[in-house]
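Worksheet for the structure shown next.
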Amino acid sequence: MTKRSEPADPCFASENTASPASSASSDVSAQRAGPCAIIIFGANGDLTKRKLLPALYNLATEKLLPSEFAIIGISRTAINREVYQNKVVQDLTEFSTGKVDARLLDWFRERSYYLAGDVQNTALYQQLATLLNTVDKAHGTAGNYLHYLATAPGHFGDITQQLANAGLTQENAKWRRVIYEKPFGHDLDSARALNRDVKKVLGENQIYRIDHYLGKETVQNILAFRFANGIFEPVWNRQYIDHVQITVAETLGVEQRGEYYEQSGALRDMVPNHILQLITLTAMEPPISFEPDAVHNEQAKILQAIQSFTPETIATRAVRGQYGKGCIEGRAVDDYRAEPKVASKSSTETFVALSLSIDDWRWAGVPFYLRTGKRLPKRVSEIAIQFKCAPFVPFRKTQIASLRSNELVLRIQPDEGISLRFEAKVPGSIMRLGPVNMDFKYQDYFGSTPSTGYERLLYDCMIGDATLFQRADMVEASWAVVQPVLDAWKAQSAGDFPNYPAGTWGPEEAQKLLARDHRAWRDSA
Ligand code: BG6
């Protein structure tokens, strides 16, 4: 999202390469990234096969990958290059978002390399340096490296230091960048420590802290919706908005991730990253440009303005839950404690609801309610802006005693789109009102563009645009918001778990959170 330098000739755009100052991937004039190699730590993991490889494939089909390109996979599994090459082709065939082309698969095959080893072993990085030398010569990747750390987060600090020791992060007329998968830290202290560690060897401009929600078109569209239209900003404040509801609901349980999730829980897993990103984009002031720092400064201000939780507000404004047995989409499902690698008396929350206040001029007095959880009745991520009701009921001598408020819903997934609810006269000889929706669906206007959500983020990193990544202070400010709740919940485990049946909208307390303010969750019945 950095400023475009020269408008490219559309006839040749796909054959040019992007300078670090060029722009977004999905633009008609987006250019190929410059020569580079991507080094994936965690090459045998789920993220690599389901998201990263298919995203690289999509970038190649969009002609946004350079022809001077290579992939180096690193993982502990002892396999040779040929086996890895076959795996890349197999994963692309299985997980691509569209039809695969045999010639393009060959293109990926011939530029895929593999190193087996333990990321703690110094020798691995020497081997990597040697291999990258060979790759640079064979594929013209020019010493530009994108290191993607898709390993357990506990290794991030070590890997960064080892890469630096092996001379693989130094930028002399080349670029060297590192993408850190989520989670960046486990709490505020560990996030600070990790920031300190990685900044010892990298400049902030080399550090890309990823949050895959920012790769979603619909999340990026929040900025377009707010700042490319004149009619919404004037009402986007406490004078017109009553409150905001953010729901990120999943029907899935923890699947095979019990080990990770037991250490994480719903609060850590979703709030300081995905949901706070949604809140910052919804609440931030218009940035003076779409340069990374201009956008990040405004996002950071919102994070700093979120009122800190105290023991008293945790009791009334924070709710946790854990699912018991229940029924999802007509299918009986087990309780969380019966999931693989979950303790039989686990006190990990699988649901969280919070009420946040943003203490700034625009939002004072407007609660931001958020809820997220596993095994809820439907899969939906959305931001609902609830406007204030009209100030009085002008329909005298009718049966209309009260008015419903207008509601604007930004649907992030599925069924991506935006809808505005307003009141209309129901046809007939007496005055009656009924709610109607003005509905925009992405699919209707733009068709479906299958993507993993990682394309834009990978491409942006290759061209040096950090707008959709998180800056160090943002990560720390996000952890600071949830830290008091993490501490309080750790100090006192919930006595009533499991407290919601799978397939329901969380514990009763989540309803009370809004009922106390004389409000209710939309669609929560
Ligand atoms: C991940 C969480 O970051 O986001 C998962 O670790 C969660 O627990 C996932 O399921 C949700 O992402 P999406 O894109 O499916 O909404």
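Counting starts at 1 for both ligands and their atoms, following the listed order.
Geometric assessment of R209 against the ring of F184 yields a positive cation-pi assignment under the 6.0 Å and 45° thresholds. Stacking of K87 on the aromatic ring of Y84 is not recorded, the 6.0 Å distance cut-off and the 45° axial limit not both being met.
A salt bridge does not link R50 with D91: every distance from a Lys NZ or Arg NE/NH1/NH2 to an Asp or Glu carboxylate oxygen is 4.0 Å or more. Using a 4.0 Å cut-off between charged nitrogen and carboxylate oxygen, R411 and D439 count as a salt-bridge pair.
A side chain to side chain donor-acceptor pair (under 3.5 Å) with E250 is found for one member of R375, K374, K378 and no other, namely K374.
Residues Y114 and I74 are not in side-chain contact: their nearest non-hydrogen atoms beyond the backbone lie 4.5 Å or more apart.
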Write 'none' if nothing qualifies; otherwise put on separate lines each N/O atom of ligand 1 with a protein N/O atom under 3.5 Å away and their distance to 0.1 Å.
from: ligand 1; atom 1: 3 (O); to: K182; atom 2: NZ; distance (Å): 2.8
from: ligand 1; atom 1: 3 (O); to: H274; atom 2: NE2; distance (Å): 2.7
from: ligand 1; atom 1: 4 (O); to: H274; atom 2: NE2; distance (Å): 3.4
from: ligand 1; atom 1: 6 (O); to: K182; atom 2: NZ; distance (Å): 3.1
from: ligand 1; atom 1: 6 (O); to: R257; atom 2: NH2; distance (Å): 2.8
from: ligand 1; atom 1: 6 (O); to: D269; atom 2: OD1; distance (Å): 2.6
from: ligand 1; atom 1: 6 (O); to: D269; atom 2: OD2; distance (Å): 3.4
from: ligand 1; atom 1: 8 (O); to: R257; atom 2: NH1; distance (Å): 2.8
from: ligand 1; atom 1: 8 (O); to: D269; atom 2: OD2; distance (Å): 2.6
from: ligand 1; atom 1: 8 (O); to: K374; atom 2: NZ; distance (Å): 2.8
from: ligand 1; atom 1: 10 (O); to: E250; atom 2: OE1; distance (Å): 3.3
from: ligand 1; atom 1: 10 (O); to: E250; atom 2: OE2; distance (Å): 2.6
from: ligand 1; atom 1: 10 (O); to: K374; atom 2: NZ; distance (Å): 3.1
from: ligand 1; atom 1: 12 (O); to: H212; atom 2: NE2; distance (Å): 3.2
from: ligand 1; atom 1: 14 (O); to: H212; atom 2: NE2; distance (Å): 2.8
from: ligand 1; atom 1: 14 (O); to: K216; atom 2: NZ; distance (Å): 2.6
from: ligand 1; atom 1: 16 (O); to: Y213; atom 2: OH; distance (Å): 2.6
from: ligand 1; atom 1: 16 (O); to: Q413; atom 2: NE2; distance (Å): 2.7

